[in-house]
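Notes to accompany the following structure.
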Amino acid sequence: MELFENELSIFPTDYKEVLQRVNTSKPVKYCATRNYINGAVTYLSPYISRGVISTKYILTEILNKGFNPSKIEKFIQELAWRDYWQQLWVVKKDAINSDIKHQQSKVAHTAIPKSILDANTGIEAIDNAIKTFYTTGYIHNHLRMYIASIVCNVGQSYWKAPAQWMYYHLLDADWASNALSWQWVAGTNSNKKYYANQENINKYCFSNQKKTFLDVNYDVFKDLGIPKKLIPTTALQLETPLPPRKGISINKTLPTYIYNFYNLDPIWKKNSIANRVLLLEPSVFKQYPIAQKSIDFMIAISKNISNIQIYVGEFNALVSEYELKTIYYKEHPLNTHYKGYEESRDWMFDVQGYYPSFFAFWKKCKKQLHY
Ligand SMILES: Cc1cc2nc3c(=O)[nH]c(=O)nc-3n(C[C@H](O)[C@H](O)[C@H](O)COP(=O)(O)OP(=O)(O)OC[C@H]3O[C@@H](n4cnc5c(N)ncnc54)[C@H](O)[C@@H]3O)c2cc1C
């Protein structure tokens, strides 16, 4: 099913259009349809992931429109999942890069099935989603779950390299949501592996396929050998095509505000006069590579910030090269080496720290909704 043509038609980068998208989201319809491939999902994640808008902003806008929280609970809960994964990253730091709760069982290799990379698994809904993914940088949540399940639980790949492949191409790339969701599917961040069979895929993707390697009952999955289609694998070498390093112009009498892949908020300190630098650190993108489309999206969306300049290099090099004295930045797990004035990010609820399960976290959040 072709839903959209390319990333620009689906993800405009003008700030006003982003706000308009929040304004036109349909939280009631969302709750009823979000699991279907054509459901009323918001397509807001690239803007949240790049720090253009926050989950708190979305919730406030939606509640200001008069929606009763109890009627749109699923919508709020999904936004809360995002904050939950973020909190886990803050607390667990680099530990999210390995199996977080349990070791992944039944692992045959650390690569990724070639048929996934080539959109050639033979499962039509999956292959269409992957083809569209390469054009748009977006995949529906249910399809992300299906793909992760096929790769890790049916194809027996270790979750990490496939997660990096998906992160690489996603415009909403967010390592917490990504790594921890892959781990949730693979059973390393949950108590059981997630499986979906062909019947489930047919239902939510409106396909009508039979006799595929997923056309089995659920009790068959745990003893299933790796299907032929998933046996050839590829070990990926992902690299980030960072723009070339150029000189920037700094006024030493002004403070410097640091923006990055996770903070492109156009209204942060909007009315102050300052140097504004989009810092692209090669070390970060070496560890968490992203594709050209993701770079282009980040740069296009950064244009909403007036006078922003791009610096490709490490934080310490920027500071010493331009003798920066007064630096401000927003808190994030990838920024812990920054020095200066750290400001907090927006969270939907005043619920912080480690919760072993989402529902323990959600129980606390829900109380703050007062209904
Ligand atoms: C294997 C896998 C990998 C994922 N990788 C990423 C990623 O790199 N970046 C990313 O932003 N999300 C990721 N997600 C979560 C989710 O799929 C996306 O946030 C969602 O599909 C984005 O589309 P949307 O904005 O239309 O979401 P909607 O369904 O409209 O949801 C609204 C918002 O709620 C939040 N949300 C919804 N579902 C989830 C979820 N399951 N987990 C966390 N937050 C959620 C997102 O911020 C989203 O923008 C991943 C999920 C899976 C299963």
Side-chain angles (χ1 to χ4, degrees), residues 3-4 10-11 18 21-22 24-59 61-62 72-89 96 112 116 126 129-130 132-133 136-153 157 159-190 193-194 196 204 261-262 288-291 294 297 346-348 358 361-362:
L3 289 178
F4 20 73
I10 179 178
F11 295 115
V18 177
R21 180 162 295 198
V22 176
T24 52
S25 41
K26 299 182 174 65
V28 175
K29 196 166 173 202
Y30 177 89
C31 296
T33 63
R34 69 181 193 93
N35 279 328
Y36 290 89
I37 189 172
N38 66 348
V41 296
T42 62
Y43 301 109
L44 285 172
S45 55
Y47 310 111
I48 306 172
S49 292
R50 298 291 66 81
V52 180
I53 49 171
S54 65
T55 48
K56 181 177 180 177
Y57 170 80
I58 299 169
L59 180 64
E61 287 296 301
I62 294 294
I72 57 166
E73 184 170 310
K74 201 70 208 156
F75 181 80
I76 304 173
Q77 210 177 64
E78 292 306 314
L79 288 169
W81 268 105
R82 185 190 184 86
D83 280 9
Y84 176 64
W85 295 140
Q86 290 299 313
Q87 291 275 341
L88 222 58
W89 196 9
I96 72 165
I112 179 165
I116 288 282
I126 301 297
I130 296 171
T132 312
F133 176 39
T136 61
Y138 179 85
I139 318 184
H140 184 282
N141 179 63
H142 220 160
L143 264 308
R144 295 184 202 204
M145 292 167 70
Y146 294 152
I147 291 169
S149 173
I150 292 171
V151 170
C152 298
N153 303 342
S157 296
W159 64 268
K160 185 144 180 219
Q164 287 185 307
W165 159 77
M166 195 179 265
Y167 180 94
Y168 187 75
H169 295 285
L170 280 170
L171 297 191
D172 68 25
D174 176 312
W175 187 241
S177 288
N178 194 283
L180 293 165
S181 298
W182 274 85
Q183 293 212 47
W184 186 89
V185 171
T188 62
N189 183 25
S190 57
K193 293 176 190 253
Y194 166 83
Y204 289 103
F261 189 55
Y262 284 93
Y288 304 101
I290 61 169
S294 189
F297 179 74
D346 271 352
W347 302 92
M348 279 202 300
F358 171 75
F361 172 77
W362 173 246

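Order of listing sets the numbers, starting from 1, for every ligand and every atom in it.
Remark: ligand 1 and Trp81 share no N or O pair separated by less than 3.5 Å (distance only, no angle test). Between Asp172 and ligand 1, at least one pair of N/O atoms sits closer than 3.5 Å. In terms of polar-atom proximity, defined here as any N/O pair under 3.5 Å, Thr55 makes no such contact with ligand 1. Taking distance alone, with nitrogen or oxygen atoms compared against 3.5 Å, Tyr43 approaches ligand 1 more closely than that limit. Residue Thr42 has at least one N or O atom closer than 3.5 Å to an N or O atom of ligand 1.
At the shortest separation from atom 35 (C) of ligand 1 among protein heavy atoms lies Glu78 O, 3.3 Å. Nearest protein neighbour of atom 25 (O) of ligand 1, counting heavy atoms only, is Ser45 N, 2.9 Å.
Between the side chain of Ser181 and the backbone N or O of Ser177 there is at least one donor-acceptor pair closer than 3.5 Å. Of the possible polar contacts, none joining the Gln86 side chain to the Trp347 backbone as a donor-acceptor pair under 3.5 Å is found. Within the 3.5 Å criterion, the main-chain N or O of Thr55 finds no donor-acceptor partner in the side chain of Asp83. For Ser25 (side chain) and Val22 (main-chain N/O), a donor-acceptor pair under 3.5 Å exists by modelled atom type.
Pairing each heavy atom of Phe75 with each of Cys31, the nearest pair is N-SG, 3.7 Å. Taking each heavy atom of Ile139 and Met166 in turn, the nearest pair found is CD1-CE, 3.7 Å. Residues Arg50 and Phe261 come closest through the heavy atom pair NE-O, 2.6 Å.
Assignment of Leu44 to the shell around ligand 1 is supported, since a heavy atom sits closer than 4.0 Å. Heavy-atom separations between Arg34 and ligand 1 are all 4.0 Å or longer. For Trp182, the heavy-atom gap to ligand 1 drops under 4.0 angstrom. Between Tyr30 and ligand 1 there is a heavy-atom distance shorter than 4.0 Å. In this structure, Phe75 falls outside the shell of residues with a heavy atom less than 4.0 angstrom from ligand 1.
Heavy atoms of Leu170 found under 4.0 angstrom from ligand 1 belong exclusively to the side chain. When heavy-atom distances to ligand 1 are checked against a 4.0 Å cut-off, Trp85 comes that close only through its side chain, counted from C-beta outward. The proximity of Ser49 to ligand 1, defined as any non-hydrogen pair under 4.0 Å, is limited to the side chain. At a 4.0 Å heavy-atom cut-off, ligand 1 touches Asn178 through backbone and side chain alike. Counting heavy atoms under 4.0 Å from ligand 1, residue Trp184 does not touch it at all.
Between Trp89 and Trp85, the ring centre distance reaches or exceeds 6.0 Å.
Listed by number with element, the atoms of ligand 1 under 4.0 angstrom from any heavy atom of Leu79 are 33 (C), 34 (O).
Partners of Ser49 by side-chain contact (heavy atoms from CB on, under 4.5 Å), not counting sequence neighbours, listed by chain and number: Arg82, Asp172, Asp174. For Arg21, there are no salt bridge (Lys or Arg N to Asp or Glu O under 4.0 Å) partners two or more places apart in sequence or in a different chain.
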Item to complete: Please assess Tyr262 against Trp175 for the test ring-ring contact (aromatic ring centres under 6.0 Å, His included), listing each intermediate value before the final yes or no.
Response: CA-CA 10 Å; Tyr262 284 93; Trp175 187 241; over 10 Å; no
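Selection from Tyr138, Trp175, Tyr194, Tyr146 by nearest heavy atom to atom 23 (O) of ligand 1 gives Tyr138.
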